[in-house]
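Data block below; observations after.
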Amino acid sequence: MVVIANGTCLLSGRAACADGAAIHRSEVVKAFLKERPGRIHLERLPAYSPQLNPVELVWSQLKRCLKNQVFTNLEELTVAVLNQVKRLESNPKLVQAFFSKKEIAFITD
C-alpha cells in the first residue's frame, strides 16, 4: 500500500481512493491519471465520509499513539510521527485490519 498526499490511497498500484479535497481534482492528478490510462482506477468517496477512507484509520491510529505527549519543537514531533509510521510498516497485519472494516470492503472486494 502506498499513501500519497491528502488521504489518497493507492492499493497495489491499481486503485485509488480520493475524498473531495481540491488536490484530488487538481490538474496534476488529472494529468497523472491521463498518463496511465486503464492502470489506476479512481474511486471517489462521497463528501464527508471519512469512515470510508482507510487512510483515516491510519491517521486515527497515529493520533492515538501520539496523544498526551508534549513536543517542544517540530523536529521532535516529526521524529515521533516517523517512528509511529515505521511501527505501522513493521506490522502489516494491523494495516490489513484497516481494510477489513465492513465500511471499506468495497476497496478489497
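- Transitive grouping of hydrophobic side chains (ILVMFWY, heavy atoms separated by less than 4.5 Å) brings L74 and L66 into a common cluster.
- Here T78 contributes atom OG1 and N83 contributes atom CG; the two are 11.0 Å apart, rounded to the nearest 0.5 Å.
- For R44 against R25, the heavy-atom pair with the smallest separation is NH1-CG, 4.2 Å.
- When all heavy atoms of I23 and V29 are compared, the closest pair comes out as O-CG2, 3.2 Å.
- Summarising the geometry, atom CG belonging to L82 is positioned 9.0 Å from atom CG belonging to L77; distances are rounded to the nearest 0.5 Å.
- In E75, the CD atom is not crowded: 12 or fewer heavy atoms of neighbouring residues, nucleotides or ligands sit closer than 6.0 Å.
- Closest non-hydrogen pair, L62 versus V85, comes out as CD2-N, 4.0 Å.
- Not counting sequence neighbours, the partners of T72 by the side chain to side chain donor-acceptor pair (under 3.5 Å) test are E76.
- R64 pairs by the side chain to side chain donor-acceptor pair (under 3.5 Å) definition with S60, Q61, not counting sequence neighbours.
- Note: C65 SG to K63 NZ = 12.0 Å, rounded to the nearest 0.5 Å.
- Annotation: side chain to side chain donor-acceptor pair (under 3.5 Å) contacts of E89 (sequence neighbours excluded): none.
- Linking Ile, Leu, Val, Met, Phe, Trp and Tyr whenever their side-chain heavy atoms come within less than 4.5 Å leaves V79 and F71 in two separate clusters.
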